[in-house]
Amino acid sequence: MSLNQATLNQATISQLARHLEAAEMECRDVVKITDDYPDMSWDDAYDIQDAIRAIKEQRGVRIAGLKMGLTSHAKMKQMGVTTPIHGFITDYGSIADGGVIDTASLIHPKVEAEIAFVTRAPLSGPGCSVAAVLAATDFILPAVEVIDSRYKDFRFDLKSVIADNTSSARYVLGGSHRNPEGIDLKNLGVVMYKNGEMVAAASAAAVLGHPAQSVAMLANMLGSRGRHIPAGTLILTGGATEAISVAAGDDITVRYQHLGSVSMRFI
Ligand code: 0L1
Ligand code: MG
C-alpha cells in the first residue's frame, strides 16, 4: 500500500469532519486527530477537509476561494516539513477592510500578511509554472488571513492541520487591486503594524520565492487529486510574514508596496 493511500473508512472520515467542523462553529479547541488515528494518510487528511467543505455547503455556505498555507521556508522549517498545504476560504470568513473581528467567535487567532490572486483562466497541473500563473492572473490584491487552529495551543502535525482546513478562519482583502504586470512581485515589501508598532516585515519572496509559485504549486497539488483551479478563483498565497497572535483590543494594519494597506480591529 502506498503511504498516501486512504486508510480511514468513509464513516470515520465523516465523523472526524463533523468533529472538527463543530469545534470551529462552537469555538472550542480539541486535541489533534492523529492522536487517535496515527496511521491516517495524506489522502485521508484531504478527504476530511473535503467532507468539512461538503458539510458547510449543505448548510448554504459559499466557498469563496482557496488558500495555500505553510508557504514560507521559515514556517516550513519551523514545522519540519517541506511541502505547503492547501485549504479553502468561505463567504462568512470575509471581513471588510477596516472592519471589526469579534474574538469571541474565534479560539486563538493569529494574523498573516498575504498576497491574493484572482484568476481569469483555469490553471491545472502537473507542470503549472509561475509564467502560466501570471498569464492566467486577472489581478492581485493585498490580504490579511486570520488563522485559528481548532487544535489546543496550535499544537498539531501536518495531517491534522490539513484535515482542519489549514486553520482557515477569516480574511480581509484590500480595496485596491492591480494587474501584476510591471510590478516586481518577488521583491514586494510588506510591513505589519500591531497597535501602531511594527511587528513583522517581509518581502513577498518569502512565499516560495515568488507568490505566483504558490498558485502554481496549488494547481499542481490539486492536479494530483484530479482537480484544477477554475477561472475566477480567489487564492490566498500564504503568509509572507510570520503569524502574529492577536486579542481583543488589537488594531492591525499591513502596508504593501504598490498595493496599499489593509486594516482591521479585534474586539
Ligand atoms: O495559512 C497558513 O499558513 C496556516 C497553515 C496552518 C498552520 C498554522 O495554523 O499555523
Ligand atoms: Mg495563511
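Basis for what follows: all heavy atoms, side chains included, without hydrogens, waters or symmetry-related copies. Note that ligands are numbered from 1 as they come in the structure, with each ligand's atoms numbered from 1 the same way.
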Got the closest protein heavy atom to atom 8 (C) of ligand 1, with its distance? Phe156 CZ, 3.5 Å
Look at atom 3 (O) of ligand 1 and say which protein heavy atom is nearest, naming residue and atom and giving the distance to 0.1 Å. Leu70 N, 3.0 Å
Contact (N/O only, under 3.5 Å) between Glu145 and ligand 1: yes
In ligand 1, which numbered atoms sit nearer than 4.0 Å to a non-hydrogen atom of Phe154? 9 (O)
Could you pull out the atom name of the N/O/S atom in Glu145 that is nearest the Mg ion (ligand 2)? OE1
For atom 10 (O) of ligand 1, what is the nearest protein heavy atom, given as residue, atom name and distance? Lys75 NZ, 3.2 Å
Are Ile95 and Leu106 grouped together when hydrophobic residues (ILVMFWY) are joined by side-chain heavy atoms under 4.5 angstrom apart? yes
Side-chain donor-acceptor pair present, Lys56, Tyr92, cut-off under 3.5 Å: yes
Metal-centred angle, OE2 of Glu114 through the Mg ion (ligand 2) to OE1 of Glu112, rounded to 10 degrees: 90°
Near Ile147, which atoms of ligand 1 are under 4.0 Å from a heavy atom of that residue? 1 (O), 4 (C), 8 (C), 9 (O), 10 (O)
Hey, does the side chain of Asn179 reach the backbone of Glu181 with a donor-acceptor pair shorter than 3.5 angstrom? yes
Tell me the contacting part of Lys110 for ligand 1: side chain, backbone, both, or neither, using a 4.0 Å heavy-atom threshold, strictly below. neither
For atom 1 (O) of ligand 1, the closest protein heavy atom turns out to be Lys67 NZ, 2.8 Å
For the residue pair His108 and Phe154, does the interplanar ring angle fall in the parallel (under 30°), tilted (30 to 60°) or perpendicular (over 60°) class? tilted
So which atom in Ala23 and which in Val30 form the shortest heavy-atom distance, rounded to 0.1 Å? CB-CG1, 3.9 Å
Using a 3.5 Å distance criterion without hydrogens, assess whether the side chain of Ser203 forms a donor-acceptor pair with backbone atoms of Lys186. yes
So between Thr71, Ile162, Val161, Val146, whose heavy atom ends up nearest atom 6 (C) of ligand 1? Val161
To the nearest 0.5 angstrom, please state how far the CG atom of Leu234 sits from the CD1 atom of Ile89. 4.0 Å
Distance under 4.0 Å to a non-hydrogen atom of Gly69: what atoms of ligand 1 satisfy this? 1 (O), 2 (C), 3 (O)
Can you get from Leu123 to Val207 by hopping between Ile, Leu, Val, Met, Phe, Trp and Tyr side chains that sit under 4.5 Å apart? no
Provide, to 0.1 Å, the distance between atom 5 (C) of ligand 1 and the closest protein heavy atom, together with that atom's residue and name. Thr166 O, 3.6 Å
Tell me yes or no: between the side chains of Ser124 and Arg227, is some donor less than 3.5 Å from an acceptor? no
Do Arg255's NZ or CZ and the ring of Tyr193 fall within the cation-pi criteria of under 6.0 Å and 45°? yes
For atom 9 (O) of ligand 1, what is the closest protein heavy atom, and at what distance to 0.1 Å? Ser167 OG, 2.6 Å
Using distance alone, determine whether Glu114 and ligand 1 share an N or O pair under 3.5 Å. no
Protein contact of atom 2 (C) of ligand 1 - nearest heavy atom, named by residue and atom, plus distance: Glu112 OE1, 3.4 Å
